[in-house]
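Take a look at the structure set out below.
Naming: A, B, ... by sequence-line order, numbering from 1 per chain.
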There are 2 protein chains.
Amino acid sequence: MEKLTIRDIANMAHVSTATVSNYLNGNYDRMSLTTRRRLTEIISNTNYHPNSIARNLAKNENKTIGVSIADITNPFTSQVLSGIYEQCDNYNYRVLFTNANNSEQKEMDNITRLQNEGVAGIIVDPVNPDSPIYQSLSNDNTVMVDRQSTELIIDTVATDNVNSVQKLINQMQAKDYNNIYFVTWPFQNISTRNQRYQGFIKATKYSTLNHLVTVPHHGKSVEYQQFKQNLATIMTQKGDDKIGFFCMNARVFLRLVQAMQQLHFSYPQDYGVATYEEFDWMKVMTPPISCIRQDSFSIGTIAMDILQQKIAKKNSTQPQLKLIPTQQILRQSF
Amino acid sequence: MEKLTIRDIANMAHVSTATVSNYLNGNYDRMSLTTRRRLTEIISNTNYHPNSIARNLAKNENKTIGVSIADITNPFTSQVLSGIYEQCDNYNYRVLFTNANNSEQKEMDNITRLQNEGVAGIIVDPVNPDSPIYQSLSNDNTVMVDRQSTELIIDTVATDNVNSVQKLINQMQAKDYNNIYFVTWPFQNISTRNQRYQGFIKATKYSTLNHLVTVPHHGKSVEYQQFKQNLATIMTQKGDDKIGFFCMNARVFLRLVQAMQQLHFSYPQDYGVATYEEFDWMKVMTPPISCIRQDSFSIGTIAMDILQQKIAKKNSTQPQLKLIPTQQILRQSF
DNA sequence: CTGTTAGCGCATTCAT
DNA sequence: ATGAATGCGCTAACAG
């Protein structure tokens, strides 16, 4: 079972390679009906498939877009990828996949590699959107998703962090929570976290950092004990205030609830709680959790839409920021 | 900023393209130190990158493996993909990504497309492993992951469903649960579900289907009411038996707990429970959940290992089934 | 050490 | 309606 080439088919059909090529590209008006039929038959019998590498080289175009993902393991990210793929499929692009596993170095390598492949465009879900490595990217053929950099140099599509947090906090306020805390991982200059905090501030108008609770990444550390201590203090000093917590993401939320349990506090009696991100299990907790659902699939499709347009008409414009609205899921956790 | 070719570099360095090519491929012994230095400088200044399409064509090899994923949105699957990518990276293969979104038709299209691309190998996470479409695949250059077909025609790497379930059930039995139910989605001939059930049977030795609880996919259906009714009956008729439930996966588990809550039963007082799959939230539930952790990352890497070996030495052997062991996470849910 | 040349598999004028 | 010839960017003998 040797690899068949266009020449083999041409020989079998007693025509030239040009005719076969025309057939393959659907230029049926350039041949007689008889040869057309012969070709269809031979090709199907022989199970011949044109070599797309050679085809790409000849046409000097590469209908593939490269994707650099910070961490494919993140469920949010895989939904984005799902959207990207769907749209690539629609536009007839293949997707070259790449995963940085949260390493900036790896991401750098991946992007360079993608560029060498001569892909038509690149979509990057950045490890650290403020890393200087993105400076080398051209806005003509790349789009960033999910996290946005502080200074926008590449078209970016992300969720509307500020607004969605602000509005959810407003809901808590409407239920008389007048003492609300923002629960987060250490900031580390990650834009996502900052923006969510901004939304929090816009709603609460707090002017100090007193309403910020930091959760360490690891559960068994000294910092974790401190974190629990913080919570204890907050809860004992609250007086008659209805006290609320807004969590920056689901993992932080889990840590909070866990710590609160250990302190023998439970929601919504002792405190109200809500979180960014939505997962299946939130509606099964007792009581179910109010949260913010991001439309991550759309982030993927829209990113590809933008990319495709840029590739088509190559007049470069100013980098744009496209914010995707979220959805409020109100349940009984506050 | 035009695309540079190897010829451009050759001209700038006043050498032939062959020399540049040699340089690019590390054959430094074939040129003088001076030209070598000139080349390094020119290439770095000019930011030239060889066109890998052309290179592939010339070498007549295609260092890419195609991946067909049933549903990238599944967190388990994205870990597998993560493993696949990591190993592809090590072996210097690029990965062409493809997502079927749970549609057999789409999967079929994707695989065909991958084959047309002339990829060196294919890894498929099948929508339905018993679909006839896999008959057209050659075991010489493809590996299946996650789900296994009833008759093995392609090398497959999957988690050890039977053993891991059996052993976890044994743990429940050791705690005097002598009335255990297997909770699952409708079978639909999905091998994964069947195997987990087999493990259940091996441990419990039940000879009838009386210990099978089926959960409908959708929550608001007539079937769902029936499911709840089933649970109610089981719980009221249990007498003094310690009653346990083993859930086939996390979603089923959530449904079960939810329904039990509505019926005002809670674990571990009224019933014991454990589940396949592990998620973050399981250790935060009250009390935390005992479960089975799959090593999905390894499934990915090992699949690529096998594929790489097959590609290297192309002597075809009998299709093999590689079972990846799991890990028991014992907590307080039973 | 370096250059010439002939492909890799296909697309695309330009003839006929 | 069909074919011959040329080139896409690079590699790999083979010469020199």
Side-chain angles (χ1 to χ4, degrees), chain A residues 1-40 42-43 46-64 92 94 113 115-120, chain B residues 1-40 42-43 46-64 92 94 113 115-120:
Chain A
M1 183 172 168
E2 269 310 294
K3 277 273 150 77
L4 291 176
T5 78
I6 198 174
R7 180 143 42 222
D8 297 323
I9 305 297
N11 288 144
M12 299 172 74
H14 303 295
V15 294
S16 81
T17 63
T19 305
V20 180
S21 174
N22 278 322
Y23 175 87
L24 292 172
N25 291 290
N27 305 126
Y28 300 131
D29 49 337
R30 296 215 190 181
M31 69 198 68
S32 66
L33 196 58
T34 24
T35 68
R36 176 176 170 181
R37 284 201 185 122
R38 189 148 13 108
L39 255 15
T40 26
I42 292 183
I43 289 181
T46 190
N47 196 26
Y48 161 75
H49 291 297
N51 177 325
S52 67
I53 306 267
R55 175 179 284 187
N56 277 326
L57 182 57
K59 307 182 93 150
N60 217 343
E61 74 170 2
N62 191 347
K63 296 272 285 184
T64 113
N92 246 299
R94 46 178 106 66
R113 186 122 31 94
Q115 285 174 152
N116 294 356
E117 301 288 348
V119 295
Chain B
M1 183 173 167
E2 269 309 295
K3 279 270 150 76
L4 291 176
T5 79
I6 197 174
R7 180 142 43 220
D8 297 324
I9 305 296
N11 289 143
M12 298 172 73
H14 304 293
V15 295
S16 81
T17 62
T19 305
V20 181
S21 174
N22 278 323
Y23 176 87
L24 259 22
N25 292 292
N27 304 125
Y28 299 130
D29 49 339
R30 295 213 191 179
M31 70 198 68
S32 68
L33 198 58
T34 25
T35 68
R36 174 175 170 182
R37 284 199 185 125
R38 190 146 15 108
L39 254 17
T40 24
I42 293 184
I43 289 181
T46 191
N47 198 26
Y48 161 75
H49 291 295
N51 178 327
S52 64
I53 306 266
R55 175 177 285 184
N56 277 324
L57 181 57
K59 307 183 94 150
N60 216 343
E61 73 171 2
N62 191 349
K63 296 270 284 182
T64 113
N92 246 300
R94 48 177 107 65
R113 186 119 34 90
Q115 285 174 152
N116 294 356
E117 301 286 348
V119 295

**Message:** Between P on C/dG9 and CD1 on B/Ile53, what's the gap in Å once rounded to a whole number?
**Reply:** 15 Å
**Request:** Write down the distance between CZ (B/Arg7) and C1' (D/dT11), rounded to a whole number of angstrom.
**Result:** 13 Å
**Prompt:** Between D/dT11 atom C1' and B/Asn62 atom CG, what is the distance in whole Å?
**Reply:** 16 Å
**Message:** Looking at B/Asn22 and B/Arg30, would you say the former's side chain and the latter's main chain have a donor-acceptor pair under 3.5 Å?
**Reply:** no
**Message:** For a quick test of reading the model: is some side-chain N or O of B/Thr5 closer than 4.0 Å to OP1 or OP2 of D/dG9?
**Reply:** no
**Prompt:** Quick one: does A/Asn62's side chain have a donor or acceptor within less than 3.5 Å of a partner on A/Glu117's backbone?
**Reply:** yes
**Residue list, side-chain contact (heavy atoms from CB on, under 4.5 Å) with A/Arg36, at least two apart or on another chain** = A/Tyr23, A/Tyr28, A/Met31, A/Leu33
**Asked** Whole Å only: how far is the CG atom of A/Asn60 from the C1' atom of D/dT6?
**Response** 15 Å
**Complete:** A/Asn27 meets the side chain to side chain donor-acceptor pair (under 3.5 Å) criterion, sequence neighbours left out, with none
**Nucleotide D/dT11, atom C1' - distance to CG of B/Asn51 in whole Å** = 13 Å
**Request:** Can you sort out the partners of A/Ala10 under side-chain contact (heavy atoms from CB on, under 4.5 Å), two or more places apart, ordered by chain and number?
**Result:** A/Thr17, A/Val20
**Request:** Output the distance between atom NE2 (A/His49) and atom CD1 (A/Ile43), rounded to the nearest 0.5 Å.
**Result:** 10.0 Å
**Euclidean distance, atom CG of residue A/Asn56 to atom C1' of C/dC8 [Å, nearest integer]** = 14 Å
**Message:** With a cut-off of less than 4.0 Å, is there a side-chain N or O of B/Arg55 near OP1 or OP2 of D/dG9?
**Reply:** no
**Item:** Side chains of A/Arg94 and B/Thr64 in contact at under 4.5 Å (non-hydrogen atoms)
**Value:** no
Strictly under 3.5 Å: I want the nitrogen or oxygen pairs between protein and nucleotides 12-16 of chain D, one per line.
none

**Message:** Using OP1 and OP2 only, check whether a side-chain N or O of A/Tyr23 sits under 4.0 Å from C/dC10.
**Reply:** no
**Complete:** Per-helix bend value, the helix from C/dC1-D/dG16 to C/dT16-D/dA1, C1' rotation axes over five pairs per end, 10° rounding, shows 40°
**Request:** Please name all residues satisfying side chain to side chain donor-acceptor pair (under 3.5 Å) with B/Arg55, sequence neighbours left out, ordered by chain then number.
**Result:** none
**Request:** Tell me, please, which residues at least two apart from A/Ala18 pass side-chain contact (heavy atoms from CB on, under 4.5 Å).
**Result:** A/Ser16
**Fill in**
Closest of D/dG3, C/dC10, D/dG9 to the A/Thr19 side chain is D/dG3
**Request:** Under the side-chain contact (heavy atoms from CB on, under 4.5 Å) rule, collect the residues that match up with B/Asp8, sequence neighbours excluded.
**Result:** B/Leu4, B/Thr5
**Request:** By nearest nucleotide on DNA chain D, pick out whichever of A/Ala54 and B/Leu24 is the more 5' one.
**Result:** A/Ala54
**Request:** With sequence neighbours excluded, tell me which residues meet side chain to side chain donor-acceptor pair (under 3.5 Å) with A/Gln115.
**Result:** none
**Message:** Among residues at least two apart in sequence or on other chains, which ones pass salt bridge (charged side-chain N to carboxylate O under 4.0 Å, His left out) with B/Arg38?
**Reply:** none
**Fill in**
Separation of C/dC10 atom C1' from B/Asn116 atom CG, nearest Å, is 15 Å
**Complete:** The correct set of residues in residues 31-38 of chain A placing a heavy atom under 4.0 Å from DNA chain D is A/Met31, A/Ser32, A/Thr35
**Asked** Looking across every strand, which nucleic acid part, if any, lies under 4.0 Å from A/Tyr48 by heavy atom: base, sugar-phosphate, or nothing?
**Response** sugar-phosphate
**Message:** In whole Å, I'd like the distance from the CD atom of A/Glu61 to the C1' atom of C/dC10.
**Reply:** 13 Å
